[in-house]
Amino acid sequence: MGLTLLLFLFFSVFSTPSLSQRHSPLNTAYYRRSCPRFEQIMQETTTNKQITSPTTAAATLRLFFHDCFVGGCDASVLVSSTPFNKAERDAEINLSLPGDGFDVVVRAKTALELSCPGVVSCSDILAVAARNLVVQTGGPFYPVNLGRKDSFISKASLVEGNLPRPTMSMDQIINIFGSRGFSVQEMVALSGAHTIGFSHCKEFSSNLYNYNKTSQYDPSYNPRFAQALRNACNNFQKDPTLSVFNDVMSPNKFDNKYYQNLPKGLGLLSSDRGLFSDPRTRIHVEEYIRDQDAFFKAFASAMQKLSDHGVKIGRSGEIRHRCDAFNN
């Protein structure tokens, strides 16, 4: 074997990036030189917004999920529609995304453009904002890799079937997560995001009124809880903004109370209650009921994995000047 071939083989083995490097070319120090105040600006923005609007954390987490599950974490959900393009945010399932999630991204982008114009992507802002707000509400810290680019496309037509709905069967929900490389255990951990935030009454009204011939409401509800929900949502057809906390015990604190509610019939959505009734998911619910640290560890790991899902790098994306519009 000649020296040239030996050297070629040596460098082929030791310079070829590993599978994980190729699939996740992001790193936590991406803006250390190009935007040294990135972390500080993000922390100030998310802290101030959460203090003035306590619903921001849940709104941002939901926005992040809806972004990543459709084409990857690429800020495509932030783009506004035009006369020529109906964007993701105007898909029917995204119409109820709360404004606070969009607003915290806009505030951060504005501040970052003043400090380091044209450097930080909207997708990185959304990923870090979600993490910061989890921590601010009492949840676990996890590192967020940086260096995502923003998408070139955002189409409402790509959304349907790619996001889990509360009315879906457990098989459907497991399949949606599974097709993105997430295990049942990771799906249960990510569902724990429902420990904060609220849902609109129209999303679960079919479980509360005229459920079937023998019961007005879904019998998997705790009866007193069902009656309280019926009272709270009574006017939902005239007032579509009516909503109820996902976790009635500690709605603004990121903890494991969400799981503790499920055996008591206090899960708000069908998909929540399904986590306890299905043996594939119940085993993980029971673990997180007993051990909040186990939930936090699993949630942090799954969020880190989600944050890297389908990211755009290099020429497959751009750094948007405004988060709600593609660059010209």
Mark yes or no for whether [X], through its side chain, and [Y], through its backbone, hold a donor-acceptor pair below 3.5 Å.
| X | Y | result |
| --- | --- | --- |
| Asp67 | Leu63 | no |
| Ser301 | Ala298 | no |
| Ser215 | Asn212 | no |
| Asp278 | Gly274 | no |
| Asn327 | Ile319 | yes |
| Gln43 | Gln40 | no |
| Thr52 | Asn48 | yes |
| Tyr259 | Gly192 | yes |
| Lys312 | Gly310 | yes |
| Gln50 | Ala57 | yes |

Would Glu88 and Lys155 count as a side-chain contact (heavy atoms from CB on, under 4.5 Å) here? Give the steps. CA-CA 5 Å; Glu88 272 179 40; Lys155 294 191 177 296; 5.9 Å; no

Within a 6.0 Å radius of atom [atom1] on [X], are there more than 12 heavy atoms belonging to other residues, nucleotides or ligands?
| X | atom1 | result |
| --- | --- | --- |
| Arg32 | CZ | no |
| Arg180 | CZ | yes |
| Gln237 | CD | no |

[Y] and [X], any side-chain heavy atoms less than 4.5 Å apart:
| X | Y | result |
| --- | --- | --- |
| Thr167 | Phe204 | no |
| Asn94 | Val77 | yes |
| Leu146 | Leu26 | no |
| Tyr211 | Ser206 | no |
| Ser96 | Arg62 | yes |
| Gln185 | Thr281 | no |
| Thr45 | Asn132 | no |
| Met42 | Leu112 | yes |

Smallest heavy-atom separation, Ala193 atom then Phe65 atom, equals CB-CE1, 3.6 Å

What is the minimum heavy-atom distance between Ala58 and Gly197, and which atoms define it?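 Closest heavy-atom pair between Ala58 and Gly197: CB-CA, 3.2 Å.
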
Yes or no on side chain to side chain donor-acceptor pair (under 3.5 Å) for Asp272 and Tyr258, after CA distance, side-chain angles and deciding distance? CA-CA 9 Å; Asp272 296 327; Tyr258 163 77; 2.6 Å; yes

Report the hydrophobic cluster partners of Val106, with the cluster defined as I, L, V, M, F, W, Y residues connected by side-chain heavy atoms closer than 4.5 angstrom, directly or transitively.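 Traced through the cluster, Val106 reaches no other member.
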
Could you list the cluster mates of Leu95? Members are the ILVMFWY residues connected by side-chain heavy atoms closer than 4.5 Å, either directly or through other members. none

Residues Lys305, Glu186; criterion side-chain contact (heavy atoms from CB on, under 4.5 Å); working and verdict: CA-CA 10 Å; Lys305 180 174 173 178; Glu186 289 170 325; 3.0 Å; yes

Decide whether [X] and [Y] are clustered together by the hydrophobic rule: side chain heavy atoms of Ile, Leu, Val, Met, Phe, Trp, Tyr closer than 4.5 Å, transitively.
| X | Y | answer |
| --- | --- | --- |
| Leu275 | Leu269 | no |
| Phe64 | Leu158 | yes |
| Leu266 | Phe276 | no |
| Leu262 | Phe245 | no |
| Phe141 | Leu61 | no |

Step by step, would you call Asp293 with Lys297 a salt bridge (Lys or Arg N to Asp or Glu O under 4.0 Å)? CA-CA 6 Å; Asp293 288 341; Lys297 187 175 179 181; over 6 Å; no

Can you list the steps and then say if Ser123 with Asp150 is a side chain to side chain donor-acceptor pair (under 3.5 Å)? CA-CA 6 Å; Ser123 44; Asp150 301 325; 2.9 Å; yes

Approximate separation, where rounding is to 0.5 Å, of [X] [atom1] and [Y] [atom2]:
| X | Y | atom1 | atom2 | answer |
| --- | --- | --- | --- | --- |
| Cys116 | Arg37 | SG | CZ | 8.5 Å |
| Asp124 | Cys73 | CG | SG | 10.0 Å |
| Ser270 | Asp218 | OG | CG | 6.0 Å |
| Ser307 | Arg148 | OG | CZ | 5.5 Å |
| Asn85 | Ile153 | CG | CD1 | 9.0 Å |
| Leu163 | Ile173 | CG | CD1 | 11.5 Å |

Once the angle between the rings of Phe236 and Tyr209 is folded into 0 to 90°, is it parallel (under 30°), tilted (30 to 60°) or perpendicular (over 60°)?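 Phe236 and Tyr209: parallel rings.
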
Any idea how Phe295 and Tyr288 line up, ring-wise: parallel (<30°), tilted (30 to 60°), or perpendicular (>60°)? tilted

Would you please test Asp74 and Lys149 for side-chain contact (heavy atoms from CB on, under 4.5 Å) and show each step? CA-CA 6 Å; Asp74 58 6; Lys149 294 291 179 66; over 6 Å; no

For Tyr30 together with Phe38, are the ring centres under 6.0 Å from each other? no

The test is salt bridge (Lys or Arg N to Asp or Glu O under 4.0 Å); show your working for Arg290 and Glu286 and say whether it passes. CA-CA 6 Å; Arg290 292 191 305 268; Glu286 288 173 340; 5.1 Å; no

Please determine whether side-chain contact (heavy atoms from CB on, under 4.5 Å) holds for the pair Arg131 and Val128, giving the CA-CA distance in whole Å, both sets of side-chain angles, and the decisive distance to 0.1 Å. CA-CA 5 Å; Arg131 188 274 312 278; Val128 172; 3.8 Å; yes

Can you see whether Tyr221 has Arg273 sitting over its ring - NZ or CZ less than 6.0 Å from the centre and within 45° of the normal? yes

Are Asp239 and Thr241 linked by a side-chain donor-acceptor pair shorter than 3.5 Å? yes

Give every residue pair that meets the salt bridge (charged side-chain N to carboxylate O under 4.0 Å, His left out) criterion with at least one member in residues 247-258, sequence neighbours excluded.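 For residues 247-258, and leaving out neighbouring residues, there are no salt bridge (charged side-chain N to carboxylate O under 4.0 Å, His left out) pairs at all.
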
Please step through side chain to side chain donor-acceptor pair (under 3.5 Å) for the pair Thr195 and Asn246, ending with a clear verdict. CA-CA 7 Å; Thr195 182; Asn246 291 322; over 6 Å; no

Where do Arg282 and Glu287 land on the salt bridge (Lys or Arg N to Asp or Glu O under 4.0 Å) test, with the steps shown first? CA-CA 9 Å; Arg282 185 193 301 132; Glu287 180 188 5; over 6 Å; no

Side chain to side chain donor-acceptor pair (under 3.5 Å), that's the test. Do Arg320 and Ser151 meet it? Break it down for me. CA-CA 9 Å; Arg320 283 189 213 135; Ser151 70; 3.0 Å; yes

